[in-house]
Amino acid sequence: MTAFEVRDLVVGYGRGARRVRAVRGVGFAVPAGTTLGLLGESGSGKSTIARVAVGLEQATSGDVLVDGESVLGPAGRRARSRVQMVFQDPYSSLDPRMTVGRSIAEGVHAGRRQPKVDGSLPDDPAGLLELVGLDPSFARRLPHQLSGGQRQRVALARALGARPAVLLADEITSALDVSVQGTVLNLFRRIQRDLGLSSVFISHNLAVVRYVCDQVAVLDRGELVEMGPVEKVLSEPEHPATRALVAAVPQIGVPLFTRV
Ligand SMILES: Nc1ncnc2c1ncn2[C@@H]1O[C@H](COP(=O)(O)OP(=O)(O)OP(=O)(O)O)[C@@H](O)[C@H]1O
């Protein structure tokens, strides 16, 4: 079954001569329980696709579907509520005045009408904190009392609490130290495996994409230029844009993270 699908999506910013065509007819599908990596250099349109899926930007044409239901426009509200996004900067994605416990409880409240994704997904802040490897006492803290990695775990707990049908992770480790990146990635992989999560993982880091993704879709100036199983695309890149990304990482044969 397809959990998430982007169909012939076109997105533009601005008007007239200043119009930027950020996404130009992109299409891909994410089978349930799998992770698709969206790879591409800065400005290739990765975040724009995710932002359309959660209603932060409008599509010019095309469609975005969750379990076959469109998320676009007023009629897409219900399907849109089944998409959760975790952003690059955990400082800005959490309300600075809200305790961690309240933030996560808000996520749970948002997901109360969603079907249970998996029996092992807790539906209370303490359980969700434990799921992401944090002591339940963290519920009393404010975001500024956490490290960047801890904050990103809280953002993940909040998103998972809303029982998403699909999780969009936009550069979730880019702002973290390399050692903390590894911890957050291992956590992401464990959750993927335990909950059978369907997700789109946006990154410009090939090692990270190789580590967590099943498939990869490569964007170049708003167009999808290559897609396939992650190992195949990264070891035998066909499109010049993919080749350039692979060539820019000389250590590509050496895994940066150890699979758990
Ligand atoms: N709010 C905006 N107004 C105008 N143009 C925008 C806006 N947001 C993005 N763009 C442009 O749209 C294009 C795609 O941007 P987008 O952020 O989707 O790329 P990206 O691949 O996610 O880049 P990065 O890896 O740097 O986050 C770029 O040319 C960008 O300059």
Open item on the list: Could you measure the distance from the CZ atom of Arg151 to the CZ atom of Arg141? Nearest 0.5 Å is fine.
Closed with: 11.0 Å
- [ ] Would you give the length of the straight line joining atom OG1 of Thr35 to atom CZ of Phe4, rounded to the nearest 0.5 angstrom?
- [x] 12.5 Å
Task: Non-hydrogen side-chain atoms of His239 and Met227 separated by less than 4.5 Å - done: no
Task: Test item: Phe201 and Leu185 side chains (from C-beta on) under 4.5 Å apart, heavy atoms - done: yes
Open item on the list: Could you check whether Asp135 and Ser137, counting side-chain N and O atoms only, form a donor-acceptor pair closer than 3.5 Å?
Closed with: yes
TODO: Under the side chain to side chain contact (heavy atoms under 4.5 Å, CB included) rule, collect the residues that match up with Thr183, sequence neighbours excluded.
DONE: Arg153
Open item on the list: Can you confirm whether His204 sits close enough to Glu41 that some side-chain heavy atom of one is under 4.5 Å from a side-chain heavy atom of the other?
Closed with: no
Open item on the list: To the nearest 0.5 Å, what is the distance between CZ on Arg82 and OG on Ser198?
Closed with: 9.5 Å
Open item on the list: With a 4.5 Å cut-off on side-chain heavy-atom distances among I, L, V, M, F, W and Y, is there a chain of contacts connecting Val86 to Val108?
Closed with: yes
- [ ] Kindly indicate whether the side chain of Gln88, heavy atoms from C-beta on, has any atom under 4.5 Å from the side chain of Asp170.
- [x] no
- [ ] Measure from the side-chain N and O atoms of Glu238 to the backbone N and O of Glu226, and report whether any donor-acceptor pair falls under 3.5 Å.
- [x] no
Task: Verify same cluster id: Leu134, Leu142 (apolar side-chain graph, 4.5 Å) - done: no
Open item on the list: Please determine whether the number of non-hydrogen atoms from other residues, nucleotides or ligands lying under 6.0 Å from atom CD of Gln58 exceeds 12.
Closed with: no
Task: salt bridge (Lys or Arg N to Asp or Glu O under 4.0 Å) involving Glu5 - partner list, sequence neighbours excluded - done: Arg7
Open item on the list: Tell me if a side-chain donor or acceptor on Arg21 pairs with a main-chain N or O of Val10 at a distance below 3.5 Å.
Closed with: no
Open item on the list: I want to check something: taking the side chain as every heavy atom from C-beta on, are Asp123 and Arg163 in contact at a cut-off of under 4.5 Å?
Closed with: yes
- [ ] Supply the atom-to-atom distance Ile191 CD1 to Leu156 CG, rounded to the nearest 0.5 angstrom.
- [x] 4.5 Å
Task: Side-chain heavy atoms of Val154 within contact of Ile104, under 4.5 Å - done: yes
Open item on the list: Whether the side chain of Gln215 engages the backbone of Leu36 through a donor-acceptor N/O pair (distance < 3.5 Å, no angle test) should be reported.
Closed with: no
Open item on the list: Within the 4.5 Å heavy-atom criterion, are Val132 and Leu187 side-chain neighbours or not?
Closed with: yes
- [ ] Could you tell me the separation between the CG atom of Leu39 and the OG atom of Ser203, rounded to the nearest 0.5 Å?
- [x] 7.0 Å
Open item on the list: Can you tell me how far apart CZ (Arg51) and CG (Leu56) are? Round to the nearest 0.5 Å.
Closed with: 5.0 Å
Open item on the list: Is the shortest side-chain heavy-atom distance between Leu131 and Leu121 below 4.5 Å?
Closed with: yes
- [ ] For Arg19, look at atom CZ and say whether over 12 heavy atoms of other residues, nucleotides or ligands are found less than 6.0 Å away.
- [x] yes
